[in-house]
Amino acid sequence: MEIKELQSKFIEKFGENDKEIKRFFSPSRINIIGEHIDYNGGKVFPCALEIGTYAIARKNDDNVLNLYSLNMENNGKIDIDDLVYKKENDWMNYAAGMAKYIKESGFNIGGLDVLVYGNIPNGSGLSSSASLEMLIGEIFNIFYNEKKIDRTKLSLLGQDTENKFFGLNTGIMDQFIIANGKKDHALLLDTNTLEFEHYPFDLKDNKIVILNTNKRRELKDSKYNERRAQCDEAVSILKNYKDIKYLCELGEEDLHLLENIPDEIVRNRAKHAILENARVKEAAQALQDGNIEQLGKLLIESNDSLRELYEVSGEHLDSITKHSNEFEYCLGARMTGAGFGGCGIAIVKEDKIEEFKKYVFEKYKEDTGLEAEFISSNVGESVHEIK
Ligand code: GLA
């Protein structure tokens with residue numbers, strides 16, 4: 001949908017007045033590598049996409065957030081003096097949560113009329129929720145705070161919304177990349193220190209293809225928190241052998257310490273975290289060296305580990321990544337994001353992409369009965385006002 005069309009829908013919905021209307025965009029994201037380690041103090045390597053969430057917004061004097069989404073059914077009002085989670089508020093809880101934590105950290109909030117439209121496939125694991133959080137955050141930042149909330153703070157407020165408002169103990173990766181991404185660059189983030197560096201995302205004659213399994217991520221939330229608790233359990237045991245706060249402070253040379261973890265499942269989770277972190281560093285180097293074959297290999301290793309050791313893939317992601325990796329001109333494919341359904345990514349030779357899609361579509365349908373969807377998107381900018 002064109003931004004002009006969104007603007008007319010905004011006027012249709014909220015009417016005209018003399019207050020200034022502004023337009024915003026917030027991207028979705030993929031993670032190239034470094035999965036399930038952003039809550040283990042590890043390094044992650046995501047990038048922002050050109051698909052995402054748009055908003056048209058304007059201040060109001062009524063102390064309410066008037067929210068209208070072109071994608072969702074439940075629309076309505078949030079009273080900014082009553083910022084508590086309410087089930088019936090559905091997606092609007094993201095706006096309520098952001099407003100609450102912006103206010104609690106000493107920044108300003110106030111009334112807003114907001115129309116939202118997203119072109120991220122729903123439940124696809126490309127971070128539509130973090131995209132929405134950063135969008136609302138940036139709208140408050142620009143209308144009420146003269147942009148004084150810096151990008152790291154903005155992403156931490158988004159994480160508060162997930163963790164405290166929704167009770168989902170996610171890490172910082174999604175919000176951070178959406179707040180700090182850069183066009184045509186991947187971002188290497190140290191989730192322990194929040195230091196980051198942009199890497200030119202040049203895949204030579206290859207491209208990223210996003211593989212949507214069209215399998216929604218059921219059970220994701222409880223399984224996610226369970227994984228996180230298992231990592232905490234591993235740390236509490238390993239602390240007796242080495243002074244650590246996070247699993248990813250351990251390197252490959254420390255793998256022998258895992259023998260002290262009696263539960264095999266917990267041991268496997270820890271092994272994944274340590275080795276995945278090592279792969280991220282190698283992947284960033286491979287991209288910098290233009291060694292895309294090596295990058296592809298690391299993606300495959302990461303996927304194997306997420307399937308076998310961390311157990312967050314499931315039959316749909318396993319099928320789509322397996323058939324992608326069988327294809328001769330695919331350099332590497334893996335699941336991306338939280339897992340349990342959602343999307344994968346594949347690095348494919350540009351002139352073989354159509355053939356690739358046809359091959360994977362057929363094989364995946366044979367396995368699962370579902371039709372895969374292939375999404376192409378360039379690497380885009382962080383959340384911003386559209387001028
Ligand atoms: C979700 C979470 C992130 C991260 C990924 C897995 O996207 O929001 O914080 O943990 O899963 O890497």
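Values below: all heavy atoms of this structure, side chains included; hydrogens, waters and symmetry mates excluded. Being a predicted model, the structure only gives us computed values, none of them experimental. First listed ligand is number 1; within each ligand, the first listed atom is number 1.
An N or O contact shorter than 3.5 Å links His36 to ligand 1 by distance. Residue Ser127 has no N or O atom closer than 3.5 Å to an N or O atom of ligand 1. Taking only nitrogen or oxygen atoms, main chain and side chain alike, Met173 does not reach within less than 3.5 Å of ligand 1. Ligand 1 has no nitrogen or oxygen under 3.5 angstrom from a nitrogen or oxygen of Thr170.
Numbered from 1 in the order shown, with element, the atoms of ligand 1 that lie under 4.0 Å from a heavy atom of Tyr39 read 10 (O). Set against the non-hydrogen atoms of Gly171, the atoms of ligand 1 under 4.0 Å away are 9 (O). When each atom of ligand 1 is checked for a heavy atom of Glu35 under 4.0 Å away, the hits are 6 (C), 12 (O).
For Tyr144 (side chain) and Gly111 (main-chain N/O), a donor-acceptor pair under 3.5 Å exists by modelled atom type. Under a 3.5 Å cut-off, the side chain of Thr336 and the backbone N or O of Ile345 do not form any donor-acceptor pair.
Comparing heavy-atom distances from atom 1 (C) of ligand 1 across Thr191, Ile177, Asp174 singles out Asp174 as nearest.
In this structure, Phe201 has its ring center at least 6.0 angstrom away from the ring center of His185. Checked against the 6.0 Å centroid criterion, the rings of Phe340 and Tyr224 do not qualify as a close aromatic pair. Aromatic ring centres of Tyr329 and Phe356 lie farther apart than the 6.0 Å criterion allows. In summary, the aromatic rings of Phe166 and Tyr85 are positioned with their centroids under 6.0 Å apart.
Proximity of Arg29 to ligand 1 is established by a heavy-atom distance of less than 4.0 Å. Using a 4.0 Å cutoff on heavy atoms, Gly337 counts as a contact of ligand 1.
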Inset, instruction - Step by step, work out the side chain to side chain contact (heavy atoms under 4.5 Å, CB included) result for Val114 and Leu65. - result: CA-CA 7 Å; Val114 187; Leu65 306 176; 5.9 Å; no

